[in-house]
Amino acid sequence: MSDPQALLDDDERSLLRRWTGDWAEPQLATLTDAPFSDPAWIYERKLDGMRVVAGADGGDPVLWSRSHRRVNTAYPEVADALAEQAADRFVVDGEVVAFDGDQTSFARLQRRIHLGDARAARNTGVRVFYYVFDVLAFGGVDLRRLPLRTRKRLLKESFDFTDPLRFSAHRSGNGEEFLAQACERGWEGLIAKRADRPYCSGRSRDWLKFKCVSDQEFVIGGYTEPRGSRVGFGALLLGYYEGDRFRYAGKVGTGYDERTLRDLRARLDRIERDASPFHDRVAEREAHWVEPELVAQIGFTEWTSDGRLRHPRFSGLRNDKPAHEVVRETPA
DNA sequence: TTCCGACAGTGGGGTCGCAAT
DNA sequence: ATTGCGACCCCACTATCGGAA
C-alpha cells in the first residue's frame, strides 16, 4: 500500500488529513460487565502485555509507551521488524506480549519491560511479539478519521506480518459466544470496538473491555492504616486455609466506598489481636492483625507466581460461609 | 434532569535500579 | 547482603465536577 488513497472511495478519501507529529495518545477501552453481540462491533482478543504505539518518519522506527517513554531498547527485535517493512512512514498501535505456553504472560514480559539495554533485553530468553491492531498514519497521511473497519483493511494490506510482528485478528458480531470461548481458553478477555468509528485518543465507549474475571471468598487476617485522605483502613490482608495453615494471599485496597471503610474498620477493631494469624511471613511494616473470622468476596484477574492476587477488588462481606471453609479454589 | 467523560486520589502485584542499612 | 524506596508497567475503584444529551 504505497498509496492508501487508491484503496478508498471518495467519501473515505475526504476524511484523510496530513499527518503531523510522531506520536498519538492511544485510544482506551472502558470496562463493562455486560457483554453483547452486535454486527456493528468487532471483537478482538484482549492481550495482557504492554501497549505500544510505534511510528517512523523516514528514519528508524520509534516505540512509545503509554507514558510517552521511548522503549526501543526493551524490544529491539520489534523495532528491527518494523524497520524492515517496505514502508518507512507510518504510525501503528498494538500490544507487545510474551507467552508462557499458549497464554500471554505479563509476568514474563516484566522481565524485560524496563530494560534500557537492547542486548540485555535480547538475552533474557523471553520472546516477545507485537500484535498490531490499528494503523493511524501511513505515507504521511493521517488515517484516524477513517472507520475502524477500513483502517483494519489498510493495516492488513500494508505490512508484512511475520514474527515478531503479528496482525491482531478480529471477529464481527457474536461477542457473547466469542467471550465464552475466550474465557474457556484462559484469555484475559475481549476488546469490543465500534466498527464504523474513527480513532479517538483517550477513553471512550467506542472501545469496551469484556474481562474474564475470577472471584472467590477470602478470610480477612488484618489490615493496613489509611494514608492521605483515606478513611478507615488502607487495605485488607487476605488469606485462605490450606489444611490447618492460614496462607497469605495478598492485599485488597479498592472497591469500598467511605461508609464501608468506616463500618469495616469498626468491625475489625472489635476482633483485633496482637499476633499475625498467617502462616506465611507478611512483610508489612505497620499491619494490624485480626481474628480470621470475617469472609470477603474478592474479584481478581489471576494468581501471580508468588501466590498473590493480581488486580484485586473488594466486592462485599459474606456471612454465609464459615471462615475455616475458605480454601484456594484454583490450585497453585 | 440525568448521564458521561475527565481528573485526582487511594489502593493492588511485580520488576529494575539505586541508596541506605 | 539485605532492605527500602521510587519509577515504571499492568490495573480497580470512589468521589467530584462540568458539560453534553
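Lettering of chains follows the sequences in order, A, B, ..., and the numbering in each one begins at 1.
In this entry the distance linking CG of A:D48 with P of C:dA12 reads 11 Å, nearest Å. For A:D206 and B:dG5, the CG to C1' distance is 12 Å, given to the nearest whole Å. Across the protein-nucleic acid pair, A:I113 atom CD1 and C:dA7 atom C1' stand 13 Å apart, rounded to whole Å. Between A:F233 atom CZ and C:dT14 atom P the separation is 12 Å, expressed in whole Å. Atom CG of A:L28 and atom C1' of C:dC10 are 13 Å apart (whole Å). In this entry the distance linking CZ of A:R265 with P of B:dG11 reads 13 Å, nearest Å. If you take CZ of A:R69 and C1' of B:dG17, they are 12 Å apart, rounded to a whole angstrom. Counting to the nearest Å, the P atom of B:dG12 and the CG atom of A:L236 are 10 Å from each other.
Across all strands shown, A:T224 has no heavy atoms under 4.0 Å from either base or sugar-phosphate atoms. Looking at heavy-atom distances under 4.0 Å, A:R112 makes no contact with the nucleic acid at all. Within 4.0 Å of A:L109, counting heavy atoms only, lies no atom of the nucleic acid at all. At the heavy-atom level, A:G49 lies under 4.0 Å from the strands shown only through sugar-phosphate atoms. Note on A:D306: only backbone sugar-phosphate atoms sit closer than 4.0 angstrom, heavy atoms only; bases stay farther off. Within the 4.0 angstrom heavy-atom criterion, only backbone atoms of the sugar-phosphate kind lie near A:Y256; the bases stay farther away.
Along DNA chain B, the nucleotide nearest to A:L115 and the one nearest to A:G202 differ in position, and the one closer to the 5' end is contacted by A:G202. Ranked by how close their nearest DNA chain B nucleotide is to the 5' end, A:T30 and A:T254 are led by A:T30. Nearest-nucleotide assignment on DNA chain C puts the 5′-proximal partner with A:S67, out of A:E258 and A:S67. For the pair A:L47 and A:R285, both in contact range of DNA chain C, the more 5′-proximal nearest nucleotide belongs to A:R285.
At a threshold of 4.0 Å, the pair A:E242-A:R328 does not count as salt-bridged, since none of the basic side-chain nitrogens sits closer than that to a carboxylate oxygen. Salt bridge present: A:R310 and A:D48 bring a charged side-chain N and a carboxylate O closer than 4.0 Å.
Side-chain contact annotation: A:S37 with A:E176, donor-acceptor N/O pair under 3.5 Å present.
Judged by a 6.0 Å distance limit and a 45° cone about the ring axis, A:R89 is not positioned over the six-membered ring of A:W19.
Between A:R111 and B:dT15, a side-chain N or O to OP1/OP2 separation shorter than 4.0 Å is absent. Between A:K209 and C:dA12 there is a side-chain N or O to OP1 or OP2 distance below 4.0 Å. Not one side-chain nitrogen or oxygen of A:S305 sits closer than 4.0 Å to the OP1 or OP2 atom of B:dG14. Between C:dC11 and A:K46, a contact under 4.0 Å exists linking OP1 or OP2 to a side-chain N or O. Residue A:R205 places at least one side-chain N or O closer than 4.0 Å to OP1 or OP2 of B:dG5. The side chain of A:T301 places no N or O atom within less than 4.0 Å of a non-bridging phosphate oxygen (OP1 or OP2) of C:dC10.
With C:dC10, B:dT10, C:dC13 as the candidates, the nucleotide lying closest to the side chain of A:F106 is C:dC10. For A:H311, the side-chain atoms get nearest to B:dG12 when compared with the rest of B:dG5, B:dG12, C:dC9. Here the side chain of A:A235 is nearest to one of B:dG13, B:dG12, C:dT14, namely B:dG12. Comparing atom distances between the A:K251 side chain and each of B:dG12, C:dC9, C:dA12 picks out B:dG12 as nearest. Counting only heavy atoms from C-beta on, A:K211 has its side chain closest to C:dC11 among B:dG14, C:dC11, C:dC13.
Residue-to-nucleotide contacts include no donor-acceptor pair under 3.5 Å from the side chain of A:H114 to the base of C:dC9.
A distance of 11.0 Å separates CG of A:L155 from CZ of A:F90, quoted to the nearest 0.5 Å.
At most 12 heavy atoms of other shown residues, nucleotides or ligands fall within 6.0 angstrom of atom CZ in A:R245.
Within the shown strands, nothing qualifies as a pairing partner of B:dC7 under the Watson-Crick or G-U definition with both distances less than 3.5 Å.
When A:Y131, A:Y130, A:F129 are each tested for a side chain to side chain contact (heavy atoms under 4.5 Å, CB included) with A:L165, only one passes: A:Y130.
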